[in-house]
There are 2 protein chains.
Amino acid sequence: MAVTIEDVAREANVSIATVSRVMNNTKAVSPELRERVFSAIRKTSFRPNVLARGLITNRTYTIGVVISDISNPVFGVLTKGINSVCQDRGYTVVICESDGKRKKELALLEKLAEQRIDGLLFAGVDVNRELIDRMLCLDYPVVLVTQEESYGENRMMTVSHDNQRATFDAIDFLVSCGHRRIAFIGGPVNDYSSGEKRLEGYRLAMAKHGLETPGTYIEHGDFSFDAGFSGMKRIYEESEKLPTAVMACSDLMAIGAMQCARNMGLSIPEDVSFMGFDDSELARYSTPALSTVRISYYDEGVLAAEELFRSMDSDNGEETNIRYIPHKIIRRGSVNCLRATAGNPTA
Amino acid sequence: MAVTIEDVAREANVSIATVSRVMNNTKAVSPELRERVFSAIRKTSFRPNVLARGLITNRTYTIGVVISDISNPVFGVLTKGINSVCQDRGYTVVICESDGKRKKELALLEKLAEQRIDGLLFAGVDVNRELIDRMLCLDYPVVLVTQEESYGENRMMTVSHDNQRATFDAIDFLVSCGHRRIAFIGGPVNDYSSGEKRLEGYRLAMAKHGLETPGTYIEHGDFSFDAGFSGMKRIYEESEKLPTAVMACSDLMAIGAMQCARNMGLSIPEDVSFMGFDDSELARYSTPALSTVRISYYDEGVLAAEELFRSMDSDNGEETNIRYIPHKIIRRGSVNCLRATAGNPTA
DNA sequence: TTGTAAGCGTTATCAA
DNA sequence: TTGATAACGCTTACAA
């Protein structure tokens, strides 16, 4: 390449300042020169150097995205939502994977500062005080996605879904179907939103209906098929009375748990009902189709990106807010209705 | 921030050149000054500005990735492989989605040129002459991933899997299980690697065994559940003799086709066997578990990134090569063995 | 071994 | 309305 603004200026017989003005529409330029510049740009197929531009404007039109694992479809969909907003605005998106490790997350924060990104969307696992402290003294604004601050401090702008409420509603739905013995296979303990919050939702809903939650009814897993399988195995082996329904915190765990139940000779949903979380592809196409809590991660990505742009635009913008996207209970064949009149399944 | 190399130089009481030398390890610096500089960097928490650096070195340590859809797990896994290599090398990855549209692909090529990326990994759908011509006169090297050049010109470095051979092997496996009437639900017609090449593999394998391929046995789809479902429906309704096995070009299509077969009252695999492609999560967890062709998209991403770095390092590097990663036939419950002695299932 | 100064390709500030 | 020219923050000859 190596065709610079000077080449264009020479070609159009104007100064480089004029070329710059035409490109950026920043000041009035006479129609004649304007036309000359445009044709010179075309003729030389000039592409302004974003590095030189960024050096002086202090804007790179790049935003960063930190997620734990891009191969996880949940994050794929989230990223797609983010991308769509950024592409519309002409922004470039830099994707960074943290493997869910605090150390990597912190390192990425620094690396992205070096890259001079204009803003960051951060999806952590356990967003603790250390992380937040660090984020608050960065040069670029950060919006949390998918995950709230642990300890509920809420010092940063956050876009997520209401994990506690979503789980609460799911349990409520199971109860409305006549279930009273409901087990729970949750997320990892150190995962604030998907571990603690969802467990809390389970406990609150059970308590509301005066139902018991024996220790053998509560398992934790890493969202995988195997975790669902082994969680269900323990529930099966250690519970005095088998649950009639199991709520798992990911569709994949629910499917693992169903597989385990089938291996034990139980039929689904007659002997035991299952409920998942996320509403991924798997849920629709499993047999029986899985009832689940639908979270639109795409919408979440879109909203988070929009919030980020908002806080980038309003320079002062130290807004701290949590915005939840709505969830929805999706009723499919994996849940049995034990009574004739079931309640309204939609949240 | 605004802490620059000058601040560090002042703090350490040296020149900015010395600071630069220490940072980049580019020339001998006395241990004493070196130490002073390091502590000054720490004290000021200085982060070099990559824009200023890139402006002069003409390297941004950024590579681009163009894919059609990041929410597609295949591309998620591919991207993960790419990321792992880039992260090790300290490179930043910019993800761009093209929706599989030629126009967007071309626009992204330009946009990424403006971004001054150091190299590009390109996963297209129909990589035709126009696209390749354009790529060959870019300032940065490009490696094709997942998709070969249409028309088989092979003017660019390519990392993919052998679609024709993989399909051939899958059909061969079905034949070895005793199947002789085998239908095929392929990818979109305009998709060179997954449409044409796989169909060719099917035809060659069938011909090799002297088996017929009536028009009613061949369908095309867009890899979706619904495409598999409706493809199977047409095969069912229009074929004189029903096939005993169906090969679909994605796991999702295979699962859609299975669902359709079940709805028709057929049992799987007794009445009809099914074979998928990709070996995604779905295949493992469907009922019955799906036999499929495993493609390691992660490895493909890794290899592609390595090839890109190779051609970035060797400046001349106009290598043009196709490198295939190996595939593997995965045998699961969805395929029935019609004869006692089946052949070796692994490719 | 160290420092000075000339770029890199833009935008922004002044004069004209 | 236009054009010089000084930044922006770094790397890299060239001098010392």
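The sequence lines fix the lettering, A, B, ..., with proteins before strands; numbering per chain opens at 1.
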Exercise for review: Would you mind reading off the distance between B:Leu33 atom CG and C:dG3 atom C1', rounded to a whole angstrom?
Suggested key: 11 Å
Review point. Does a nitrogen or oxygen in the side chain of B:Thr18 sit under 4.0 Å from OP1 or OP2 of C:dG3?
Key: yes
Study note, to complete from the structure: Taken to the nearest whole Å, CZ/A:Phe46 to P/C:dT11 is 7 Å
Practice item. Look at all strands and tell whether B:Asn24 reaches a base, only sugar-phosphate, or nothing, counting heavy atoms closer than 4.0 Å. Key: sugar-phosphate
Check your understanding: Expressed in angstrom and rounded to an integer, what is the separation of B:Arg59 atom CZ from D:dG9 atom P?
Key -> 24 Å
Practice item. Let me know the distance between CZ of B:Arg10 and P of C:dG3, rounded to the nearest Å. Key: 14 Å
Check your understanding: Is any side-chain N or O of B:Arg116 under 3.5 Å from a base N or O of C:dG9, one able to act as donor and the other as acceptor?
Key -> no
Study note, to complete from the structure: From CG of B:Asn49 across to C1' of C:dC8 the rounded distance in Å is 13 Å
Practice item. Report yes if a side-chain nitrogen or oxygen of A:Thr4 is closer than 4.0 Å to either non-bridging phosphate oxygen (OP1 or OP2) of C:dG9; otherwise report no. Key: no
Exercise for review: Tell me whether the centres of the aromatic rings in B:Phe309 and B:Tyr91 are closer together than 6.0 Å.
Suggested key: yes
Exercise for review: Please state whether the phosphate of C:dT2, meaning OP1 or OP2, lies under 4.0 angstrom from any side-chain nitrogen or oxygen of B:Ser30.
Suggested key: yes
Practice item. Consider the side chain of A:Leu55, meaning its heavy atoms from C-beta on, and name the nucleotide among C:dG9, C:dG3, D:dC10 that approaches it most closely. Key: C:dG9
Check your understanding: Donor-acceptor pair under 3.5 Å: do we get one between A:Arg47's side chain and the base of C:dG9?
Key -> no
**Study point:** Pairwise 5' ranking along DNA chain C for B:Val29 and B:Ala52, keeping only the more 5' one
**Key:** B:Val29
Check your understanding: Less than 4.0 Å between a side-chain N and a carboxylate O, is that true for A:Asp133 and A:Arg155?
Key -> yes
Point to revise | Length of the CD1-C1' vector between B:Ile56 and D:dC10, whole Å | key: 7 Å
**Study point:** Spacing between B:Gln115 atom CD and C:dG9 atom P, to the nearest angstrom
**Key:** 17 Å
Review point. NA contact type, B:Ser20, heavy-atom cut-off 4.0 Å: base, sugar-phosphate, or nothing?
Key: base
Review point. Checking all strands, does B:Val50 fall into the base, sugar-phosphate, or nothing category for heavy-atom contacts under 4.0 angstrom?
Key: nothing
Review point. Would a 4.5 Å heavy-atom cut-off, applied to side chains only, mark B:Met157 and B:Leu144 as touching?
Key: no
Practice item. Round to a whole Å and report the spacing from CD1 of B:Ile16 to P of C:dG3. Key: 11 Å
Review point. For A:Leu51, which contact category applies under a 4.0 Å heavy-atom criterion: base, sugar-phosphate, or nothing?
Key: nothing
Check your understanding: Which nucleotide in the set D:dC10, C:dT10, C:dA12 lies at the smallest distance from any side-chain heavy atom of B:Ile5?
Key -> D:dC10
Check your understanding: Are B:Asp69 and B:Lys104 ion-paired here, with the side-chain N under 4.0 Å from a carboxylate O?
Key -> no
Check your understanding: Is it true that a side-chain atom of B:Thr18 and a backbone atom of B:Ile16 form a donor plus acceptor pair closer than 3.5 Å?
Key -> no
Point to revise | Most 5' of A:Glu6 and B:Pro31 on DNA chain C, judged by nearest nucleotide | key: B:Pro31
Point to revise | Residue-phosphate contact under 4.0 Å: A:Thr26 side-chain N/O, C:dT11 OP1/OP2 | key: no
Point to revise | Side-chain H-bond candidate by donor/acceptor type, B:Gln147 with B:Ser160, under 3.5 Å | key: no
